[in-house]
Amino acid sequence: MAKTVPKKKITPKKTEKKKPVVQKSISSKTKKPAVKTESKSKPSPMKKGKEVKSVTKKKKPSEEKKGPLVVEKKIEKKKEPERTFVPPPTKKEEEPKEYKTIRTEINKIMKNKYLPISIIDGIIERAARDKKIEAKIKNIIEKALEEYTKNLIDPTEACGMISAQSIGEPGTQMTMRTFHYAGVAEINVTLGLPRLIEIVDARSTPSTPMMNIYLRDEYRINPDLAKEIANKIEITRLTDVADIEMDLVNIFISIKPNKKTMEKKGITIEDLLERIQSVRKLSAKIEKENIKVTLDEPGYKALQNTNETLKNLKIKGIDGIKRVIIRKEPNEGYVIYSEGSNLKEVLDIEGVDPYRTTTNDIHAIARELGIEAARNMIIQEAYSTLSEQGLNVDMRHIMLVADVMTADGTVRAIGRHGVSGEKSSVLSRAAFEITVNHLLLASQRGESDELNGVAENIIVGQPVNLGTGAIELVMNPKKPKQKGK
Amino acid sequence: MAGRNITKKIGALEFSVLSPNEIRKMSATKVITADTYDDDGFPITMGLMDQRLSVIEPGLRCKTCGLKVGKDKCPGHFGHIDLAMPVIHVGFVKTIRNSLRATCRKCGRILLTDKELEEHRKTIIKNNNEGRDNAYIFKTIISSAVKTEGCPRCGTQSGKIDLDKPTSFRENGKKLTPTEIREWLEKIPDEDLPLLDINVKSARPEWMVLTVLPVPPVTVRPSVTLESGERSEDDLTHKLVDVIRINQRLQENRDAGAPQLIVEDLWELLQYHVTTYLDNQTSGIPPARHRSGRPLKTLAQRLKGKEGRFRSNLSGKRVNFSARTVISPDPNLSINEIGVPKEIARELTLPVRVTTQNLEWCKNLIKQTAAVEKPGDNYRPRVNYVKRFREGVEQRMKVTEKNADDIAEKLELGFIIERQLMDGDIALFNRQPSLHRMSMMAHRIKVMPNRSFRFNLSVCPPYNADFDGDEMNLHLLQGEEAKAEAEILMKVQENLMSPRFGGVIIGGLHDHISGCFLLTYKDKTFSKEKTSEILATFKYKGKFPEIHEENGESFIYGKDIFSVLLPKDLSIEYKAKACFHCEVCEAANCPNGAYVVVKNGKLKQGIVDENSIGSFKGRIVERIIRDHGTAAGRIFIDDVTRLGIAVVTVIGFTTSIDDEDIPNEAKRQIGEGLQKAQNKINTLVTAYEHGELESLPGRSLEETLEMEIMRVTGRARDMAGEIASKYLGLNNSAVIMAKSGARGSMLNLSQMSGCVGQQAVRGERISRGYKYRTLPHFKKGDLGASAKGFVANSYKSGLNPTEYFFHSMGGREGLVDTAVRTSRSGYMQRRLVNALEDLKVESDGTVRHTGGEIIQFMYGDDGVDPTRSTTGKAVDLDRIIYDVKQEG
């Protein structure tokens, strides 16, 4: 009795129509396909966060490529002369011979069929470990191909809706509190629902910015060198290394450096003097072990003001980085964790590994390393926030959200100031938020709503152009009669 | 499927501003009288309730189109009010301001050179072609035009335009009247409008200064007759009355040549009324109020917000053929079924077209209506209505006891009967909040006595339902396509796997897990009789499990009973929930039986618990669904839950307060441990007070102390828990529940029998309350354990008053947290859904916006459906290799 045939899900017509659009959107996102092949191998290592990353890396030489993924962009984009060029980590370690032979064999079996790289790598790794498996590799590949094809997503699937639900639904099970970071007890990091909302909102600065600063070569092995870098990064103010005393009678300020901390931070009294002299309207000189600061225009008020500026005077370090902690990580060496974030300047520090250093400030990543890196960071941050809460959400859902946020080359928020506010449909925008303004503006601009999306068609009372609603095959009710004759 | 035609499809909706001419043209009448009805209760002509603006009383005919309201559907007709003086439309104030600032007051051109204008025009066209946003260009045009001094064309100096919110403009401090503004805007030539973000085809700036006001049809603002016979008008009508009244006074005064001051006052008053008519929440002016003091709900308020037209009537719609009642559990139903109360089944209907095949059956159904129902009779569906079509007109007859036989006789082919529900009908079942697609699934109806909806307990997790008074909704599908779709895509058995993480979300819970645990723990045996009893609960028809004999007694192993449910080709190995996480896993030789081995459909060893059959984790359930399809999965879940319950019933399973009893020796040990912790804290505090405490890097001394104490108290609780659980073995029901994952955790148990532990608010020890102390029971500045919320007692031993108070503080925080969280995450989900709802996987594997924009070139980078993936992995390699190894 049913007149439609909902089972058939392929509408070849649709795709043809859309071809010209494809071209257009590719041009705006040309960067993507180039990186695509690499990000294929990504899901597995990213799941476990940074710490495990290095471990897996050792095991799977084939994935050595990960690091450079982020970097490529950086080199093309940033060609500031003062930035010292750091050669990328040694090119992909040569695959062991047996790996290579297995790979060529697999390629022979596969012919022109496609399997995700991570799967092939998984098979190679196992085959190399176990001869028994290697013997049956053909069988395994065939089975994997069969299962892979079986597991492909259906066309017309409303994947966006499913992703939104899959991320939103466990939201009710998350905590609201700020906890200590699992790795470093000393740094507070926003976690749980507030952090997830922050990511999705694409806030310009995270509420608790922090960085994981990885080091290069000898710096990560030698604790002294690591400490030196940490001192360069952590902001040190005058009050941290010296006592400041005001002499109200003789109108001068005497600065008594604290030797112990000075030494610890690697600052000499000359450094101090130099920094103090950079402040305007005063002169300073070293007297014994102290520094005496006198004003160019002496006065009680001026003295107080100068006292304040001196207290907050930056001696050393990078703006925004409040505190650093050095920790020795297994299989890695020394890693610097910082409270506060300033990606741009940290990357310029000698000895910092620019290929692995990260921050949770997504906008900073987008600025410094490009949109593709920002996308990866959104994925990683959202995924780790969710899994830290013990919630299991498929990578693909988070990837889709990250891709929607970064699709036009900028980081856009999910909400009325970002993705939703830029929708082309008037009705959809009006139904979301700020209804009246959207309608008035639409009338002034003479906009027309083509009724392509979900919200619009629901408003108008038509079937939605997704899932089974996307099929436009209808049976002609007259036909059966003719057949009867 | 009654008379379904291929209906027209709306191609697009266009938005534009109404011009005064259009308003007059579409107007059915001019409205000049501020009154609605005369003394006889008859609508006044040219009043606000003029019958040409459509009618609201049923039976009356509209004087414009001659149609009745309701069935005939007179759509309603607009009227208009001619405003004596023009007023500004609040919604367009910003555009008016920009237009005034950017154009010349004399020649009306934008204050930029032709060259600049041409450049801007080009970029706008370019951006439009590339689908980019133009907002920033309009901003630059306006800001650069404002800066220009003197018109590049006529040289006129432009004044500074100020906007006094909400609607009055000043030029160089002198007030601009709406009339002047309108004249100015009229001068702006068409070719300059696109640069001001105005589409010439849909709007002219001068239309944003109103000279005519459309009066919406009566149907938009129906009046209500109260019980007392009094009429109560709609808010819009009230506002329109105000507008007309002031408009009349203004006109009279102006015509009579009243002083400028009076005219201006009235003009402003008219502006106020028109403004509030359009939007009663304009900032800067007091909202117009009803006599009772309630602010009026005018046009903008009707559309706006959650209760506005858009979100409550357009995006969400009311439906018929639905029911709602309290839910309760019924373990005897299949997960696909739902028990529907007879009362509901009799009320809701499904349409059935009478055909040659079902004519007799339909007649019988109709005749049933006349049959007398005796108590104890089986439910038999009847027919509520019969519909027929005469010359395209639908006629609907109510079937009653009296006319049932009559109608049955007259029944013809092509009629549609609306029959009551019967077993096997498909319906959608839903619980709010509908957070994911599994919140609405299709069930098969089973009509039952009593008044609640009933369903299998295993279906609770996807709905997130419990039975503490929850209510749920049922929706009946009226079309054949809808029914087919629900059957194929929405049935519970089709939703066993979650798209969120590619695992099962429906499985056994609570007693089902305890039952299977008891059945498979160690070498539990059952007599022949007990075995039969258990197997009978799920109507097992296969081979009887293997009977063993020892010392003349025959018995059956519990594991063999469980194996009865497993498909013959099932081979799987995994760790059970009861795993102790030993350092070296002995896998198949696990001494605790926590390693499950199933080979060829036989449970060789291991305990069946949450990791085997539970929702979210059940490995066996997942495997069966993957290998044998959803129907097999459904049958397995149905049977395994019944099996679990049967085992629990046969063996007996109960927990009580003495399950938390621990021997005195254990109590002594716990006491000792707590004392040690107490001492440790005291030493920490003294060290802190003497300044001997070494602070952690980057922390103050106070923070360091707090962290150290938190660590000590945390360890103290763990210690108590360990000692307690040492004395609570697996012969203890509460422990069985915790270990098998049926309910509760070891933490719960240790809190009951050992020590409750540190209470925390905001992740810190409790510190608020009185000055320097939490409660007056303690000394000021006391930093000890008990003064800061450490509860040393167990729930069983009972909390002392201060402990009880601290515990309540912790508990309250939890409640507040939940309340805040639900609203926050709800809004986040709404935003996510709105941003992602239009995405679709195309036939070529890309993900695109419905507009055509590509979001991903391959869904999820590998094109794999998360639902079908094995917890995220595209292909389950371990499994394939295991299988291949088994083969050879």
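Chain letters run A, B, ... following the sequence lines, proteins first, then strands; residues in each count from 1. Just so you know, these numbers use all the heavy atoms, side chains as well, and skip hydrogens, waters and symmetry mates.
- Counting only distance, with no hydrogens or angles, the side chain of S202(B) and the backbone of G446(A) share a donor-acceptor pair below 3.5 Å.
- Heavy atoms closer than 4.5 Å to chain A are found nowhere in K94(B), neither backbone nor side chain.
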Quick one, R437(B) with E169(A), criterion salt bridge (charged side-chain N to carboxylate O under 4.0 Å, His left out). Give me CA distance, side-chain angles, the key distance, then yes/no. CA-CA 10 Å; R437(B) 70 176 189 198; E169(A) 189 256 340; over 6 Å; no
Can N834(B) and S420(A) be said to form a side-chain hydrogen bond (donor to acceptor under 3.5 Å, both in side chains), step by step? CA-CA 6 Å; N834(B) 193 279; S420(A) 300; 3.2 Å; yes
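- The closest donor-acceptor contact from the side chain of E842(B) to the backbone of T156(A) lies at 3.5 Å or more, if one exists at all.
- Shown here for S869(B) and D394(A), the closest heavy-atom pair between the two residues is OG-OD2, 3.7 Å.
- Chosen from R879(B), R824(B), R311(B), the residue pairing most often with chain A at heavy-atom distances under 4.5 Å is R824(B).
- L440(A) places a side-chain heavy atom less than 4.5 Å from the side chain of F92(B).
- Under a 3.5 Å cut-off, the side chain of R500(B) and the backbone N or O of N392(A) do form a donor-acceptor pair.
- Only the side chain of F310(B) has a heavy atom closer than 4.5 Å to any heavy atom of chain A.
- Panel note: side chain N151(A), backbone V875(B); no donor-acceptor pair is recorded below 3.5 Å.
- Contacts of E708(B) classified as salt bridge (charged side-chain N to carboxylate O under 4.0 Å, His left out), with partners at least two apart in sequence or in another chain: R711(B).
- When all heavy atoms of I119(A) and L877(B) are compared, the pair lying nearest together is O-CD1, 3.7 Å.
- With a 4.5 angstrom heavy-atom cutoff, R309(B) does not touch chain A via any of its atoms.
- With a 4.5 angstrom heavy-atom cutoff, D876(B) touches chain A via backbone and side-chain atoms both.
- Across every non-hydrogen atom of L152(A) and R868(B), the tightest pair is O-NH1, 2.6 Å.
- With a threshold of 4.5 angstrom between heavy atoms, K201(B) does not approach chain A through any atom at all.
- Counting only distance, with no hydrogens or angles, the side chain of H849(B) and the backbone of V404(A) share no donor-acceptor pair below 3.5 Å.
- Under the side-chain hydrogen bond (donor to acceptor under 3.5 Å, both in side chains) criterion, D197(B) pairs with R445(A), sequence neighbours left out.
- Across all their heavy atoms, S315(B) and I458(A) have their closest contact at O-CG2, 3.7 Å.
- Judged by distance alone, the side chains of N465(A) and T850(B) never bring a donor and an acceptor atom under 3.5 Å apart.
- With respect to R396(A), the side-chain contact (heavy atoms from CB on, under 4.5 Å) criterion is satisfied by exactly one of D861(B), D865(B), V864(B): V864(B).
- S439(B) does not touch chain A: none of its heavy atoms, backbone or side chain, sits under 4.5 Å away.
- For a residue to count as touching a neighbouring chain, one of its non-hydrogen atoms must lie under 4.5 Å from one of that chain's; by this rule L196(B) touches chain A with the backbone only.
- If you measure heavy-atom distances from Y827(B) to chain A, the contacts under 4.5 Å come from the side chain alone.
- Using a 4.5 Å cut-off between heavy atoms, N134(B) does not touch chain A at all.
- In this structure, the portion of V847(B) lying under 4.5 Å from any heavy atom of chain A is its side chain and not its backbone.
- Of all the heavy atoms in Q444(A) and T95(B), the pair that sits closest is OE1-OG1, 2.8 Å.
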Quick one: do R830(B) and F432(A) satisfy side chain to side chain contact (heavy atoms under 4.5 Å, CB included)? Show the steps, please. CA-CA 9 Å; R830(B) 192 173 114 78; F432(A) 180 54; 3.4 Å; yes
